[in-house]
Amino acid sequence: MRRAVCPGSFDPITNGHLDIIARASRLYDVVHVVVMINQSKQGLFTVDERIELIREVTAEFGNVQVEPYHGLLVDFCKQRDIPAIVKGLRAVSDFDYELQMAQMNNGLSGVETLFIPTSPTYSFLSSSLVKEVATWGGDISHLVPSVVLEALKGRLGQE
């Protein structure tokens with residue numbers, strides 16, 4: 001069985017994330033979407049809320065499993081015998097950072113990282129940018145799934 005992991009904070013999941021997950025789900029038998037927990041960062045959504053949103057928007061794929069993890073991603077991979085990490089690349093600046101991470105992860109554990117270029121439609125998109133635009137009342141309906149849009153509006157008191 002071919003398995004891979006798509007890691008991130010997903011605070012919140014965007015259409016860009018969803019595009020990468022969907023494409024990975026066509027390449028692998030099982031895709032583990034891992035919500036990485038960073039105790040030093042305060043998210044807009046709790047980890048449990050993020051997991052629920054991701055499960056809802058990925059349910060149609062049928063081969064996506066969503067769970068939280070605190071620690072090194074390579075340890076998650078080793079514990080579950082997952083040989084590949086799938087990451088989306090938006091720009092050259094992403095590549096510089098992600099290449100270093102991929103080399104470190106491979107050196108620590110032998111886990112490979114595969115890069116998928118982000119669709120041009122989402123090449124500028126990040127969770128941080130979505131939250132900022134949403135905070136100021138901008139239209140993000142084309143940037144996030146509808147369930148995420150409603151959750152954002154509720155969290156920001158814009159209902």
Side-chain angles (χ1 to χ4, degrees), residues 2-38 41 43-69 73 76-77 82-103 105 111-159:
R2 295 168 303 144
R3 299 173 347 133
V5 62
C6 287
S9 59
F10 305 105
D11 187 36
I13 190 167
T14 68
N15 287 342
H17 293 127
L18 201 52
D19 175 56
I20 297 299
I21 294 166
R23 290 160 66 192
S25 76
R26 292 191 296 269
L27 298 172
Y28 291 93
D29 299 314
V30 179
V31 175
H32 297 262
V33 175
V34 179
V35 178
M36 299 300 291
I37 300 169
N38 183 342
K41 290 176 80 176
L44 181 63
F45 293 100
T46 68
V47 171
D48 289 340
E49 289 169 329
R50 288 182 242 167
I51 289 169
E52 185 55 38
L53 287 169
I54 297 166
R55 283 183 177 150
E56 193 166 340
V57 300
T58 61
E60 67 183 88
F61 304 135
N63 64 340
V64 172
Q65 297 178 10
V66 186
E67 59 189 296
Y69 190 73
L73 180 61
F76 177 91
C77 293
I82 299 171
I85 300 167
V86 174
K87 299 288 294 218
L89 292 178
R90 294 172 293 193
V92 172
S93 57
D94 283 350
F95 180 76
D96 289 341
Y97 174 76
E98 294 296 348
L99 179 62
Q100 292 174 29
M101 291 296 297
Q103 291 170 332
N105 288 338
V111 173
E112 296 291 348
T113 300
L114 294 115
F115 299 121
I116 297 179
T118 302
S119 167
T121 305
Y122 306 120
S123 63
F124 64 92
L125 189 53
S126 71
S127 294
S128 298
L129 189 55
V130 162
K131 288 185 286 194
E132 184 173 347
V133 172
T135 297
W136 294 104
D139 179 14
I140 57 163
S141 61
H142 59 295
L143 304 177
V144 296
S146 59
V147 66
V148 174
L149 179 62
E150 293 309 311
L152 273 166
K153 285 181 178 179
R155 183 57 40 97
L156 299 172
Q158 298 174 350
E159 292 188 270

Side chain to side chain, Phe10 and Ile51, heavy atoms closer than 4.5 Å: no

Side-chain heavy atoms of Thr14 within contact of Tyr122, under 4.5 Å: no

Spacing of OG1 belonging to Thr121 relative to CG belonging to Asp19, to within rounding of 0.5 Å: 8.0 Å

Over all atoms of both residues, closest heavy-atom pair of Ile140 and Ala134: CD1-CB, 3.7 Å

Min side-chain heavy-atom separation Arg155-Glu49 under 4.5 Å: yes

CZ/Phe124: more than 12 non-hydrogen atoms of other groups inside 6.0 Å: yes

Least distance between heavy atoms, Ile20 atom then Pro117 atom: CD1-O, 4.4 Å

Side chain to side chain donor-acceptor pair (under 3.5 Å) between Ser141 and Asp139, worked out: CA-CA 6 Å; Ser141 61; Asp139 179 14; 2.7 Å; yes

Min side-chain heavy-atom separation Asn38-Ser9 under 4.5 Å: no

Minimum heavy-atom distance between Pro68 and Val34, given as atom pair plus value: C-CG1, 4.5 Å

Gap between atom CD1 of Ile54 and atom CZ of Phe45 - 0.5 Å precision: 11.0 Å

Residue of the set Val144, Val57, Val147, Val66 for which side chain to side chain contact (heavy atoms under 4.5 Å, CB included) holds with Ile13: Val57

Sub-4.5 Å side-chain heavy-atom contact between Asn63 and Tyr28: no

Residue pair Leu18 / Phe61, side-chain heavy-atom distance below 4.5 Å: yes

Derivation and outcome, side-chain contact (heavy atoms from CB on, under 4.5 Å), residues Val33 and Ile21: CA-CA 8 Å; Val33 175; Ile21 294 166; 3.8 Å; yes

Separation of Gln103 CD from Glu98 CD (nearest 0.5 Å): 11.5 Å

Student check: side-chain heavy atoms of Cys77 and His32 closer than 4.5 Å: no

Met101 and Thr113: CA distance, side-chain angles, deciding distance, side-chain contact (heavy atoms from CB on, under 4.5 Å) verdict: CA-CA 9 Å; Met101 291 296 297; Thr113 300; over 6 Å; no

Euclidean distance, Leu114 CG relative to Leu27 CG, rounded to 0.5 Å: 8.5 Å

Any Leu125 side-chain heavy atom under 4.5 Å of Val130 side chain: yes

Between CZ on residue Arg23 and OG on residue Ser119, distance to nearest 0.5 Å: 7.0 Å

Residue pair His17, Cys6: steps toward the side-chain contact (heavy atoms from CB on, under 4.5 Å) verdict: CA-CA 9 Å; His17 293 127; Cys6 287; over 6 Å; no

Closest non-hydrogen atom pair between Ala22 and Ser25, with its separation: O-OG, 2.7 Å

From Ser128 atom OG to Glu132 atom CD, the distance as rounded to the nearest 0.5 Å: 8.5 Å

Nearest non-hydrogen partners of Thr118 and Ser123, listed with the distance: CG2-N, 4.1 Å

Over all atoms of both residues, closest heavy-atom pair of Asp11 and Leu44: OD2-N, 2.7 Å

